Structures are given as C-alpha cells and as structure tokens.
Amino acid sequence: MRYQKPKGTMDILPGESRKWQYVESIAQDTFNKYRFSEIRTPIFESYDVFERSSGDTSDIVSKEMYDFHDKGDRHIALRPEGTAGVVRAYVENKLYGPENIKPYKVWYKGPMFRYERPQSGRQRQFHQIGLEAFGSDSPELDAEIISVGLEFLNRLGIKNLKVAINTLGDPESRANYHQALVDYFTPFKDELSDDSKVRLEKNPLRILDSKDKGDKKIVANAPSILDYLNDPSQKRFDYLKDLLDDLDINYEVDSTMVRGLDYYNHTIFEFMVTDPAFDNKEITVLAGGRYNGLVEELGGPETPGIGFGLGVERLMMLLKDEDLPSESDLDVYLVTIGEKAERASVKILSDLRRAGFSADKDYLQRKIKAQFKTANNLNAKYTVTIGDSELENSTANVKNMATGEQVSVSLTNLADELKKIEG
RNA sequence: GCGGUAUUGGUGAAGUGGUUAACACAUCGGUUUGUGGUACCGACACACGUGGGUUCGAUUCCCACAUACCGCCCCA
C-alpha cells in the first residue's frame, strides 16, 4: 500500500455517501421549513477570524488549529468550526443591513478541521451541519433553535435524546460568577490538576468541565451560575424553560455545563444520546448556544446571535440501516449477443435513459450467461436481450427478472413498450 | 501531546523461524456452445503495513516509523 489518506481523514465511498446525502437532504428540508437558507463560506479563513471569535484560551485555537502561511505570507487557518466564518460573512457582506429581515437565519454543512488525536467518531477532517440566527435576542428564538435541532434528529430516527440546557447569563452575571469561581477555587489551587491551575487564571468556568477526579470533588461544591444570575438573566432563563415546556420538550438543567468556545452567553444547550454504537456512553451529538457579543467582536454592529453545530460523523454512527431509504433498483440491464447488438446497444441504452429508465449494460464482452448473472446481482427489474435475430426483426426480448417471464416487443418503441409493461 | 492494542489476498480471517501461507465469502471461468438466482468443478497473496536489525534463513524475534482502534486531554 503505497499511499494512505492523511491521518484522521476518511474516504466516503458510494455505499456510505448515500447515507450522507440522505442526512443532508433531511437537514435541508427541515431547516428550510423553519426558514433557514443555506450559506456556503470558505473552508479556510484568516487565522485571526478564529482566534478572535473562539478566544485564545480555547484549546481549539491554542493547539488544535490547522494553520499555515500561504505563498503570500497570509496567516491562514482551516476552519475548526462553522460559526466564525458565518459571522465573518455576515459582517463582511453587511447582512445586518435593514433590507434583510431579522432574524437573519442561515444553515451550513461542510468539512471542519482540528489537529487532534483521531478516535472513533472523531476525525481531523470531520463534518458539521449547523445553523445560525442573527439579530434577535428573543428567548422565543432560543426555543425555536432548540426545537429545530430536535426535529432534525427526530426525523432521522435518533432515539434516547437528552436535551441539557444551561445559561451563562448576561455579561454582568457572567462576570460576577467568574469572580465567585475565582474566590472559590483559589484556596484549592494546590489541589487542582495542572490544567485547571491554568484555567483558574484564564477561564475558571472551564474548571467545571474538568474530568479530573480530584477536580471533580472540588467542583462538586463550587457555586452555581444559577445563583449569580441578575434579575433580567434569571427572568430570561425562566421564560425559556416555560417555552420549552409549552413545546413539550423534555430538558434537564445542567448548571455545570460550559462550552469549549469562549463566545457564548445566556442560553447554551447540548443534545446527548446514549447508544450501543458508542458503548452505551453518553455522547454529545449537537451543541450550541447564544453568542451576543460575537458579531461585534468580528467588527460588526452590536448584534445578538444564536446557533448550533452537530457532528455528522457521530450522527452517522447513530443511524440505523432501517431508517434509511432503500437503494433504488436498476430498471433495465441490456444483454447483447454479438457485435451488431453490441454496437446497437449504445443507442438503445441512450434512448432508454432519455425516457427516464435507469439502464446499464456489460462493457467487458462477456458471455450471455455472465451478463444475466450481473443483471441479477444488480437487482435489475428487467433484462432486454438483443441479438442478430432481434435486430433483423426489430424486436427485443424483455424479461421480468422477478417472474422470469419473457416477451418479445418492438425494438423501435422499446421505451414505450417497457412503460406499458410496467403498467 | 501522553499511554495501550493492532496491521496477513477484494472481504472475514487461520497460521509457522526454514521446500507449495489453511478455511470461508466475494469475484472470474467451466459443467456441450442465445439467458440469471441452486448444485458441482476450477482459478485467484509481486506475497504477510513501511524501513532497518538479529539469524545460515523471518510473514513469524528486536527496533524505528506510518496508520487504525481504545484510554487521557479536548471536543461535534
């Protein structure tokens, strides 16, 4: 094996691409219903776009970014996530302009890149489907975003979904909470893991997310964000919960949930699933939240935003074959006998396809028996056999492969005759 | 970035320091020459991830590298 694909990448072969197309079509259909339009942004952006948006304390920026200098010495990065590029496009194209109805709603799909150690469900080139809505701070929009994500996964037949929500509050609440965490953790500083010591300086919220056993014990008694929300933030969160109740959405409040990216505030959420494909461990398939400061951060006007992203590879692992539409069968396999038929087959095939049939033939000059065998393997509905005698009489033998019945029909009207047989 | 396990044909795999690397599936061909799904017969590894080393000799032992999977970290 001379050449191998780069570490952490995948070839999506024809059998698999069918599933991808299916998922993408459901995404498009569901999102369009909620009036999200597709946006396509570059796969690479100026490095600063991600550094600025994700925050330089995030692991994604500090150690997982695929960045390089191009021939013009521009500092470029392959996108590690979708939101930053979409926000950049929103600002650059002045989509905040008054001619656009707010909220401005877009969805995207495509490859993302993170320099990480690959594992199952985690690739260096992976794919996300996500959506964003700009220009409204309404909790009703928050509820809609959660709802559209849920509908999408439900339509794909994903079971055992758990919706976890939390709030990070407005900047004031978040700042107060930040201080409370620093006050709480500082006495334990020596007991914290090395990672968390660094987090204490840079982003104490993320200590809450630590998997370290020692950290977890300390975190267990840490103050909760819910006790530091100011009045508007509290009301907002309560209202969102009411809305989710109205929608009959089952959710759990997880006050220790934080996000890997620094730009979130107010509502954040994750959809978790427990599935044998992941050893019955709970994994996150979809995650998102509100980022009211991000548009401004990237040079736009003060504009609230909210969105989510979901990992397509993980989603694929959850899809059951029975949830997928069945593969479409081949309508006609053309069997040729002899050189004249071989030549005539080109035009016949072309006519059949033009008439709307999926049609194929043998291109390896194989024997009749082998051609029928192939027709059988391809699950062809009909075989059409053409030989010298058929050409002389301008007829064709049409065989129904399921019943074995064979009839002779006019070759000149073959497509029409087939349609008649089909009923 | 750290630790562990693995790497044999199109696929699933067995196996050994030494003349021909099991078996199964798939594929191809044949079983009287213009017809499929069954049955029977036959064919099918430049050789055993790459590069070194040990050895009279390595696919089998050692080292390095690559990749995959699992755990940590982090995340979708």
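Computed from a predicted structure; not experimentally measured. Excluded from the calculations below are hydrogen atoms, water molecules and symmetry mates; all remaining heavy atoms, backbone and side chain alike, are included. Letters A, B, ... are given to chains in the order of the sequence lines, protein chains preceding strands, and every chain is numbered from 1.
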In whole Å, what separates the C1' atom of B:C2 from that of B:U59? 31 Å
Separation of A:Phe271 atom CZ from B:A76 atom P, in whole Å? 14 Å
Expressed as a whole number of Å, how far does the P atom of B:C61 sit from that of B:A14? 15 Å
I want to confirm an ordering. Mapping A:Glu270 and A:Met10 to their closest nucleotides on RNA chain B, which one lands closer to the 5' end? A:Met10
Determine whether any donor atom in the side chain of A:Glu116 lies under 3.5 Å from an acceptor atom in the base of B:A76, or the reverse, and answer yes or no. yes
When you look at A:Arg52 and A:Asp48, which way does the salt bridge (charged side-chain N to carboxylate O under 4.0 Å, His left out) test go after all the steps? CA-CA 6 Å; A:Arg52 190 87 200 171; A:Asp48 301 336; over 6 Å; no
Which class fits the ring pair A:Tyr104 and A:Tyr90: parallel under 30°, tilted 30 to 60°, perpendicular over 60°? tilted
Let's test your reading of the model: under 3.5 Å, does the base of B:C75 pair with the side chain of A:Arg117 as donor and acceptor? no
Between atom OH of A:Tyr333 and atom NZ of A:Lys373, what is the distance when rounded to the nearest 0.5 Å? 13.0 Å
Atom C1', compared across B:G15 and B:U20: separation rounded to whole Å: 15 Å
Taken to the nearest whole Å, CD/A:Glu282 to P/B:A76 is 15 Å
Grab the CG-P distance between A:Leu364 and B:C28 for me, whole Å please. 9 Å
Partner residues of A:Arg155 under the side chain to side chain contact (heavy atoms under 4.5 Å, CB included) criterion, sequence neighbours left out: A:Ile26, A:Asp29, A:Thr30, A:Glu151
Spatial distance of atom CE (A:Met316) from atom CH2 (A:Trp20) [nearest 0.5 Å]: 5.0 Å
Specify the closest pair of heavy atoms between A:Ser408 and A:Thr395, including all atoms of both residues, with the distance to one decimal. OG-CB, 3.6 Å
When you check every protein heavy atom under 4.0 Å of nucleotides 32-40 of chain B, what one-letter string (B, S, -) results, 5' to 3'? --BBBB---
Tell me what A:Arg366 touches on the nucleic acid: a base, only sugar-phosphate, or nothing, going by heavy atoms under 4.0 Å. sugar-phosphate
Mind listing the closest non-hydrogen atom pair of A:Val91 and A:Leu298 along with its distance? CG1-O, 3.8 Å
Taking B:C40 as the reference, what is the distance to B:G34 when you measure between their P atoms (whole Å, please)? 25 Å
Could you work out the separation of B:A43 and B:G3 based on their P atoms and round it to a whole Å? 49 Å
Hey, are A:Gln28 and A:Glu38 close enough side-chain-wise for a donor-acceptor pair under 3.5 Å? no
Can you check nucleotides 63-67 of chain B for protein contacts, nitrogen or oxygen pairs under 3.5 Å, and list what you find?
unit_1: B:A66; atom_1: O2'; unit_2: A:Gln4; atom_2: OE1; d: 2.9

Rounded to whole Å, the CD-C1' distance (A:Gln371 to B:C28) equals 15 Å
A:Met272 atom CE is separated from B:A76 atom C1', nearest whole Å, by 13 Å
A:Thr385 side chain reached by A:Ile337 side chain, heavy atoms, under 4.5 Å: yes
Write out all pairs satisfying salt bridge (Lys or Arg N to Asp or Glu O under 4.0 Å) with one or both partners inside residues 378-406 of chain A, taking only residues at least two apart or from two chains. A:Asp331-A:Lys381
In whole Å, I'd like the distance from the CG atom of A:Leu318 to the C1' atom of B:A76. 12 Å
Measure distances between side-chain N and O atoms of A:Arg114 and base N and O atoms of B:A76, and say whether any donor-acceptor pair falls under 3.5 Å. yes
Report which part of the nucleic acid A:Val285 touches: base, sugar-phosphate, or nothing (heavy-atom distance under 4.0 Å, all strands). sugar-phosphate
A:Trp107 CH2 to B:A76 P, in whole Å, measures 20 Å
For A:Phe68, check ring-ring contact (aromatic ring centres under 6.0 Å, His included) against everything at least two apart and list the hits. none
Say we look at B:U8 and B:A13: how far apart would their P atoms be, to the nearest angstrom? 9 Å
Go through RNA chain B and write down every stem, that is, every run of at least three consecutive Watson-Crick or G-U wobble pairs with distances under 3.5 Å, as range with range. B:1-7 with B:66-72, B:10-12 with B:23-25, B:27-31 with B:39-43, B:49-53 with B:61-65
Could you measure the distance from the CG atom of A:Leu244 to the CG atom of A:Asp142? Nearest 0.5 Å is fine. 9.0 Å
Between B:C41 and B:U32, how far apart are the two P atoms, rounded to whole Å? 16 Å
Separation of the P atoms in B:A58 and B:G49, to the nearest angstrom: 15 Å
To the nearest Å, give me how far apart CE (A:Met316) and P (B:A76) are. 18 Å
Would you tell me whether A:Tyr291 and A:Glu132 have side-chain atoms, one donor and one acceptor, within less than 3.5 Å of each other? yes
